[in-house]
Amino acid sequence: MFKNNKAPTLPPETDYSKQLKETSFYRYGHLRPLGLTGEITALAVDPLLSLLGVGTASGLVHVYGQSSFQFTLPVSTISSSGPAASIKFLFFHPGHHRLIAIDGSNTIHTYSLQHLTDHPNPLTHPPLPLKEISYTLWGTVTSVDQPLPSHTHLFFTIKDGTTLSWDLSRRGLGNWKIGNCWSDYEGRMIRSGIPGRRKTLGGPMATCIAVNPRDLNILLIGYEGGVVAWDMQKNVVAKTFEMTLPPGAPGGGSYQDADGSLWTERTPSVTSIVWRPDGLVFAVGHADGCITFWAYSESDKPLMVRTITHEDVNVTDAESLFDAGALDNQLRKVELDPQGNEIPTAVSANREPIFKLTWASFPDQVTLKTQIAAQGVDPTIEPISNATVDYAERGETLLLVLGGQSPGEKPGVNILQFPAYKPPLLRRGTTPMSPSESMPLQERYAYRDSLAPTGSSSYLTKTPPEDFILLPRSNPYFNLSHDPIATIISLTPDYNMPQVKEPTALRGLESWVFPPPRSTVIPPSPGRKNFVQPGEGEKLVAMTPAPTLGTPSAITPIRSGSFSSTGWRLPWTSPGIGSPAPSPTLSIPTPDSIYGSGPQKRKVRKQLRLPSSLWSGGLSVLGMEMYSLPTNMFKRLISYQIENSGSDQEEIPRLPIYGGMAVPDLQSHGAPDVKVAKLESYRIFITYHSDCTIRFWDASPHLLLLPTPLRFEFPSPLPHLTISIGDYLKHKDCKHLPLSQLWFNDRSKVRIKSVHLAKEALECIVTFYTGEIIVTKFAEAKGKNKRGGQDDDQEAEDDIEELNENHNLNGPNHDSGYFPHMSSSSSSQAHGLDGNSNGWVEEVTEIGHLAKYKHDGFKPVAIFTLKRGEPICTAVSDIGFIAVAFSSKSLAIIDMRGPDVILREGFNEDGEQMKKKKKKGNVQNVLGEQSVVGSMRWVVSGMGADLVNRPRLIVSYAKGMTKIYVLINSLGEWIVETKPPTFTNESLAGPIASFVLDPINGNELTPSSESLQAAMRDQQNQDNHKTKEIPVHCLWIAASKKSIRVAINFNGERVAKVELEDEELSDVFYVTRHGQKVLVAVTTTGSAHFYSVPRLEYITKLELYYGMEGRPAGKLSIDDRSGDFIEYSGPLDIHLRTFFHFRKPLPPRLDPCTIKRIIPPQPVPLNASSMVGGWIWGGAPITGAQLDNLIAGPTRPPPPKVPPPPPKPLITWGKPPEEAEKVVLTASTGAAVKRTAVQKQKAPVRDARERNDVYSEMTDAATQRGNYLDGLNDSLNSVSASASDYYNHARNAAMKEAAKSTAKGVFGKLL
């Protein structure tokens, strides 16, 4: 093996583990879960505390505030009685600091946010809100009304139609109860003898509930058949509202009647209720997609019944029936959509049900001026947007509609923009009244005018939305929809995403700035009747005319009883044969189009970033890696984020929630020492997601310790580093690639296999299951202070999505629609999907020109299409070499200096398998082996008798064979020796990992730029390495499933070996802890064995689970400096754990109630003297306290005892315990008592001798730079002022001299 007789040996005293041989140094511990643990099921906000709550199917509630504030509340847990129940309803009780959750088992849980638990062991029992009570109800809860600050009762309905109340302050079920009012109403109707009335089978179910926002005395309860108004004071039914579609009315469908049900009387079920903010009108959503608008003052007849796009759908139009061919003596006309599909019939559920309604309002003029004047005083109050001012100045409101769309329409949340209600001026005795109605006609017309949309928009989503909430600026009333600043939308699963076997959170979340820009184009009103037929006792008064395209002004009313040739038709009808020309109004807008005519400037919406751990939907994590980075490289990665965080330059700002405070726990038992913790290495997480994005997160332990209070999320997102693979694949220069074609044809098959980072070169390598490799490299922004230019403008457009895209939404470049755009072959050719599917594709596609340098980030370099199947092993280096092994028993070595493939093992340039070596073939192509690769490792070292340090690739095959490829630089190019040293050892079958160590200190011999430069110098001076004795220049640790062995110089003497008989290894790690080394071997049964290095002496064993039953460990990614590791077992099972659970950062101490905004008074009814309809209130409204007394009755128990306050202020937890408290002299110590004012506790001051952390350094540097620029500006201003003063003085002096000269000349002549 060696040329000389004496083989190199390792000195027996060599030991790299030293003190780590003590078993007491090891303790397995769970640090924190990462991401969600279940599907998102409920959302809630508290505008007073500025908090966001997210309920999940696993029974947990995640609460988020400012960046550093978050906690997870285990509401429903796994027990002996069954699994955890999902969170069905979630609410905050604004003003009372309470969280309310109702789970799937109909159990009410309430928690006090102002009282937190305090356990001696915060690791196992972190500080969380104190639980008040859990109470299981006897029925299924179907709807809950948002609790108000003015009272302490929670109203909810049960499936059997019962309405109950829960006393939040007394923590019990109230005595107040309402039976099934609609069942009683049906009984009365049947007894009255009205034909066709019958009882609902099983009893009508209660579906929704809503309290009048301006009068707590009025409670609306929605049942399947209609709505009941309950008078709280009188405890009786005040009014009943029932909407019935007469025969021939289309409702939510069309006049295309296939089964004859169009000619039946229908009562669509009620699904949702919402009040208009003035409390005079409410809207009711129905199961057929209709929305009924009622004036509370009249229950006999609705003001309007409409769908999202059509009005008066409860009125039968004979002409439309005739044109649609719906009469018995006509042949039914089959209408086809633009794709040639038959349009379904009216009663065939042509539209979705209305799932949710929210009516948003904005401040009045006085409040708006006050808010504008106070901007900037409170940093937690979001500034007033221009859109809010536009709506507020006009008194407009927005009705948000979830559902009600027809098949094929682009999914989204639709918004109808309504004008302010202007009551008519009426005189008593002169108002015309209809015998059949209780409302004056002019008042009805005024109500209908206020329901004529002045604009329309929609928040388009990639998949159909499932729920949404609004985030108010600060107002807790009006169902949390007054003056909203953001909206959060929950999306249904997108099955175009890659499917995984493990449980995952399929529902996505999006957040956008609200309100959208005001629409200035009046939408057409298809179906609105612009004429009336006078009945007995009625005067001929025309209804509000429908607007015409291009002429938004009012039209002259059409004469009664006549039809105009250009009059309005319902959109599902077609013009008759005798019609002179089709009306331009028949171009009916849909929720995915822009209302109006002609090209117009498209309006935009700004996206917001949600809290970092909400990984669901397209952000479901498919894999996660952790890397510890050198400080200088870490600074490069985060510098852009530090400089631009929270500024206007931030592309996607965070959701504006500012509540809560988190303080590091530095005083509990086992708390870390800050001075020591600052010496820990900085690290990042890399996650790759279902939407083919790679995201980066700062996961340094410093974030949990500094400063006081904490100000960073953990993990903290680095959005400027995000890699979006779809942006590359959609580009025209990549459309011919198989991966790009797969992106357009079957996106679910485009799935990331692994992500690797070269820590010093900062190259990120992405592999795909289909075999492609994409290489990106970090680069700084170019021209950071420049604005404008084509690239910047293009990126600015990419950062903002458009509202109501009409022209490009179905175009070839748009792919966000849930319903795929059906197109002909020409569309496929536009994508390049037909032209080159089976043709030749280049092996390397350079995509560096796709990079955008608006900000720092990873820029694309190249796409490698090797056509060798799934990659199973990847090795990256910091010297520009990449090795990828595939499942097809092939291997490729890539040199990024080209970039080029410099070795192909088992295949040729065309991706074809090589069965035999060609004599005149490419020397870069070699024959493959008969087994797949198990592990690979790059190293710069010598081998055996070759003492020259060279770049080498250690390739271990599954059958126990090992190759070591050597790279040689020849004439400036790197080539691979095609006949590498090969040796086989049966004990190395099933390889897992390889490590090459420096025999002097035990450090890994990593392929860095310094080692490569030294190797190139050694290659030029090879003669200097010729010695008689071969020294020990490296140690090779080879680990397989059954054994671990250590050898000298790769093929030299074996130092130590470990054989496992009953277990198999799954991962092996080389960990450096405080300069000492240890080898960690993780088994498939979930245990970790620790061995000394290099002798492989057994140290101890840790079970990586809690309890008696073992479990296989997930995919591990370790920080080899701290011993912390990520265990990834699935998208919902990601945990941060450690092998050395000593003095790790503890869960922070929390205070959810840091922000305590002023609670506004309960809104009152509009003044009867200024608002018609004010008489409906019938007197002074009841207050919240009166409502509590009315509901609870005289037997209400006293309130429970308030828990004691915390023993010490929250901020003091961030004070290291070694700092002694100042001793205050008192009378007992012989000194006079000095009476001073109580001072607030301040955050601890950092010792100037301590090492500063990166975040403080970079923040201070940015501040100093800003101060320097300010000072420079002041200096320039001073120079300018001095120059101006000098100029003025010189001019004045010159003028004086001129005056003197003139005077001397004049007087000289006189003399």
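Just so it is clear, the values below take in all heavy atoms, side chains as well, and ignore hydrogens, waters and symmetry mates.
- For T37 and S58, the side-chain atoms include at least one donor-acceptor pair closer than 3.5 Å.
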Walk me through it: do C692 and V750 pass the test side chain to side chain contact (heavy atoms under 4.5 Å, CB included)?
CA-CA 8 Å; C692 281; V750 181; 3.6 Å; yes
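- For the pair R518 and E396, the salt-bridge criterion is met [side-chain N within less than 4.0 Å of a carboxylate O].
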Passes side chain to side chain contact (heavy atoms under 4.5 Å, CB included), R98 versus L113? Steps please.
CA-CA 5 Å; R98 183 177 288 112; L113 297 178; 5.9 Å; no
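- Contact annotation: the side chain of L655 approaches that of I488 to within less than 4.5 Å [non-hydrogen atoms, C-beta and beyond].
- Side chain of T307 to backbone of H310: a donor-acceptor contact under 3.5 angstrom is found.
- Between the side chains of E713 and S612, at least one donor N or O sits under 3.5 Å from an acceptor N or O.
- No side-chain donor-acceptor contact under 3.5 Å links E466 to the backbone of R507.
- What you find for S616 and L36 is that their closest heavy atoms are CB-CD1, 3.9 Å.
- Under a 4.0 Å N-O distance rule, the pair D494/K462 does not qualify as a salt bridge.
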Apply side chain to side chain contact (heavy atoms under 4.5 Å, CB included) to residues V75 and Y111 and explain how you reach the verdict.
CA-CA 9 Å; V75 174; Y111 295 84; 4.0 Å; yes
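- For S76 (side chain) and A85 (main-chain N/O), a donor-acceptor pair under 3.5 Å exists by modelled atom type.
- With hydrogens and angles left out, the side-chain atoms of H286 and T292 include a donor and acceptor closer than 3.5 Å.
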Would you please test W697 and T687 for side-chain hydrogen bond (donor to acceptor under 3.5 Å, both in side chains) and show each step?
CA-CA 8 Å; W697 316 82; T687 57; 2.8 Å; yes
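- A donor-acceptor pair under 3.5 Å is absent between the side-chain atoms of T207 and the main chain of S272, judged by distance alone.
- Looking only at side-chain heavy atoms (C-beta outward), V621 and H689 come within less than 4.5 Å of each other.
- Ring geometry, Y135 versus W166: the interplanar angle falls from 30° to 60°, so the pair is classed tilted.
- Between the Q417 side chain and the S519 main chain, a donor and an acceptor come within less than 3.5 Å of each other.
- We find that D103 and K88 are not joined by a salt bridge, their nearest charged nitrogen and carboxylate oxygen being 4.0 Å or further apart.
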For the pair V228 and L220, evaluate side chain to side chain contact (heavy atoms under 4.5 Å, CB included) and give the outcome as yes or no after the intermediate values.
CA-CA 6 Å; V228 166; L220 294 181; over 6 Å; no
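- A side-chain donor-acceptor contact under 3.5 Å links N106 to the backbone of V141.
- Taking 4.0 Å as the cut-off between side-chain N and carboxylate O, R609 and E510 do not count as a salt-bridged pair.
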One pair to check against side-chain hydrogen bond (donor to acceptor under 3.5 Å, both in side chains): T504 and S620. What are the steps and the verdict?
CA-CA 7 Å; T504 181; S620 294; 3.2 Å; yes
What do the steps show when you test T397 against W359 for side-chain hydrogen bond (donor to acceptor under 3.5 Å, both in side chains), and what is the final call?
CA-CA 7 Å; T397 57; W359 213 319; 3.0 Å; yes
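- A side chain to side chain contact (heavy atoms under 4.5 Å, CB included) with I209 is found for exactly one of T142, D145, V144, namely D145.
- Inspection of the S86 and T41 side chains reveals no N or O donor paired with an N or O acceptor under 3.5 Å.
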Candidate pair S481 and N479, rule side-chain hydrogen bond (donor to acceptor under 3.5 Å, both in side chains), full reasoning:
CA-CA 5 Å; S481 59; N479 199 28; 5.5 Å; no
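- Separation of the Y64 and F71 ring centroids does not fall under the 6.0 Å cut-off.
- Checked by atom type, the side-chain pair T309/R351 shows a donor-acceptor distance below 3.5 Å.
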